[in-house]
Colleague: 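Before I ask anything, let me first share the structure, which is written out below as structure tokens.
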There are 2 protein chains.
Amino acid sequence: MAIPRAAKTQRRTRIQEAKEEQILEAALDVFSRHGFRGATIDEIAEVAGMSKPNLLYYFRTKEAMHRALIERVLDTWLDPLREFDDKGNPASEIRSYIRRKLEMARDFPRESRLFANEVLRGAPLIEDELKGPLKQLVDEKAEVIRAWAKAGKIAGCDPYHLIFSIWSTTQHYADFDVQVRAVLGQEKDGQGRFEDAARYLEQLFLGGLGLEGDRRAEVPAMKEQPGGL
Amino acid sequence: MAIPRAAKTQRRTRIQEAKEEQILEAALDVFSRHGFRGATIDEIAEVAGMSKPNLLYYFRTKEAMHRALIERVLDTWLDPLREFDDKGNPASEIRSYIRRKLEMARDFPRESRLFANEVLRGAPLIEDELKGPLKQLVDEKAEVIRAWAKAGKIAGCDPYHLIFSIWSTTQHYADFDVQVRAVLGQEKDGQGRFEDAARYLEQLFLGGLGLEGDRRAEVPAMKEQPGGL
DNA sequence: CAATAATTTGACCGTTTGGTAAACATTACA
DNA sequence: TGTAATGTTTACCAAACGGTCAAATTATTG
């Protein structure tokens, strides 16, 4: 008998754990390049190095795979915003938020593109997630920013659009990577563009919020590339 | 005899013109939502309200359709940057560049998403365009910005990343529209978010470039939504 | 009004797609 | 070691896919 995904015994075997990981890794590769409809199970199976039915033993449908991927990524993706702290001082909080987002764009570009692809097609799978938990989280952080503005710690600005602009500018380096590289040319083909981007974006956002004075706040430089997710 | 696309007579008939328009309009709809691989000829034909063979009479392959679309959009898409003028004063040039890009995101979101989809999958069709004409145009405008900085008219900054950040922040309102709406909630469901975005982005960029004083420069407000492309 | 060219369609074709059935192989563990 | 549960593979299916063809229809024009 072969009932997929932890049938009789509730406990997941090592082999399940490993194979599912292997599949999701391959799926991330394919989905992030071609979107849901453009991706094929065959290609994912090939990248994962296993037969199609074998893959379908672990994830019964293409949608199940996609859903599993998206859920996992969405969670990780919002971590930097969750860390955004109302106790800290505005300049360093914003600086380190930008840095963390930029590090993610550098280290997990496929995750970013997966998300972008999903939103581009109308986000049918995560609509509820966006309108619920995401909106709630952003509302909360927007309130923090508004409080800073009210206290005169930063220039008054629309906190929602501030958050949008940090999202867009940082994720741009993952989602539009090929364009960025094409425009910068081969000289900047290493990871140097991320350092440049970090410097520029800090200047932009701190200046835009009237915080130039706090330029050299106690925020560390971008980390070297770490390991997996 | 039925040789497609202006055979004996060189002149394109009215009917050709109209049908090709009708097809590209439908194709834009489908490609912008699902990307090249995710789009199907059947769906495009259905949206265009004609039979599949009829559609294929005007565009022999799916790729031909996509190519025609991309070429047309890419050209329009760069117009605002071409208008970016070194003669004007920095504050108003940057302000009106932002406004134009934001107007495009508002009025032509599908075009923006088409482009985003293409870049996301690695831009195989427009790689040359990006590395050639686009890079050249950006290089040229970057030089203008650098000159402004050297002359002390704006704060020194990396002009390439400045351009990237204007692209990303403005296009975000087209490409991530569903997310933006989800976060802002129903109250801001009208076009008001574009006005808010315009105000915020001007503050951000002018502030970030040390140009707050020039805030009320001679740049008109965002235009009402105009007609077709 | 012919007749010729342009357009449209239904039927079709080979391939790819998402997914299944069942046989076979391997692992876990009593 | 035996056996039940888990994992893998080969062969396959129906639907959807990109695209073709020849026949039918509609415009254009001498």
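A, B, ... follow the sequence lines: proteins, then strands. Residue 1 opens every chain. Below, all heavy atoms of this structure are taken into account, side chains as well, without hydrogens, waters or symmetry copies. Source: prediction; values computed, not measured.
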Colleague: Please list all pairs passing the salt bridge (Lys or Arg N to Asp or Glu O under 4.0 Å) test where one or both residues lie in residues 116-126 of chain A, with sequence neighbours left out.
Modeller: Glu118(A)-Arg121(A)
Colleague: Test of understanding: with ring pair (Phe, Tyr, Trp, His ring centres under 6.0 Å), list the residues that count as partners of His66(B), not counting sequence neighbours.
Modeller: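 His66(B) satisfies ring pair (Phe, Tyr, Trp, His ring centres under 6.0 Å) with Phe31(B), Phe36(B) once adjacent residues are dropped.
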Colleague: Counting only side-chain N and O atoms of Lys19(A), is one of them less than 4.0 Å from OP1 or OP2 of dT8(D)?
Modeller: yes
Colleague: Sequence neighbours left out, what passes side chain to side chain donor-acceptor pair (under 3.5 Å) with Asp196(A)? Give chain and number order.
Modeller: Lys188(A), Arg199(A)
Colleague: For Ile23(B) and dT7(C), give me the distance from atom CD1 to atom P, rounded to whole Å.
Modeller: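 So the two atoms are 11 Å apart, to the nearest Å.
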Colleague: Taking only nitrogen or oxygen atoms into account, show me every contact under 3.5 Å that the protein makes with nucleotides 9-14 of chain D, one pair per line with its distance.
Modeller:
from	atom 1	to	atom 2	distance (Å)
dT9(D)	OP2	Ser51(A)	OG	3.3

Colleague: List for me each residue that meets ring pair (Phe, Tyr, Trp, His ring centres under 6.0 Å) alongside Phe176(A), sequence neighbours excluded, and say none if there are none.
Modeller: His172(A)
Colleague: In chain order, what residues pass the ring pair (Phe, Tyr, Trp, His ring centres under 6.0 Å) check against Phe205(A), with sequence neighbours excluded?
Modeller: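 None.
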Colleague: Starting from P on dG19(C), measure out to CZ on Phe59(A) and report it in whole angstrom.
Modeller: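 These atoms are roughly 14 Å apart.
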Colleague: Taking 4.0 angstrom as the limit, do Arg82(A) and Glu140(A) come out as a salt bridge?
Modeller: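 Salt bridge: no.
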Colleague: Just how far, in rounded Å, is C1' of dC17(D) from NE2 of His34(A)?
Modeller: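 Atom-to-atom, His34(A) to dC17(D), this comes out as 16 Å.
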Colleague: Applying side chain to side chain donor-acceptor pair (under 3.5 Å), can you list everything that pairs with Arg67(A), at least two apart in sequence or on another chain?
Modeller: Glu63(A)
Colleague: Within residues 36-46 of chain B, which residues have any heavy atom lying less than 4.0 Å from an atom of DNA chain D?
Modeller: Ala39(B), Thr40(B), Ile41(B), Asp42(B)
Colleague: What are the residues of residues 63-71 of chain A, sorted by number, that bring a heavy atom to within less than 4.0 Å of DNA chain D?
Modeller: none
Colleague: Taking CD from Gln22(A) and P from dT8(D), how many angstroms apart are they, rounded to a whole number?
Modeller: 9 Å
Colleague: Below the 4.0 Å mark, does dG7(D) have OP1 or OP2 next to a side-chain nitrogen or oxygen of Gln16(A)?
Modeller: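 Gln16(A) to dG7(D) OP1/OP2: side-chain N or O found under 4.0 Å.
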Colleague: Check each of Ile44(A), Leu69(A), Leu24(A), Ile41(A) against Phe59(A) using the side chain to side chain contact (heavy atoms under 4.5 Å, CB included) test, and report the only one that passes.
Modeller: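 Exactly one option meets the side chain to side chain contact (heavy atoms under 4.5 Å, CB included) with Phe59(A), and it is Leu24(A).
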Colleague: Test: salt bridge (Lys or Arg N to Asp or Glu O under 4.0 Å). Region: residues 44-54 of chain A. Which pairs qualify, not counting sequence neighbours?
Modeller: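 As it turns out, the salt bridge (Lys or Arg N to Asp or Glu O under 4.0 Å) pairs with a partner in residues 44-54 of chain A, which skip direct neighbours, are Asp42(A)-Lys52(A).
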Colleague: Not counting sequence neighbours, which residues clear ring pair (Phe, Tyr, Trp, His ring centres under 6.0 Å) with Phe84(B)? List them please.
Modeller: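 Ring pair (Phe, Tyr, Trp, His ring centres under 6.0 Å) check on Phe84(B) returns Tyr97(B), Trp148(B).
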Colleague: Not counting sequence neighbours, which residues clear side chain to side chain donor-acceptor pair (under 3.5 Å) with Arg193(A)? List them please.
Modeller: Asp177(A)
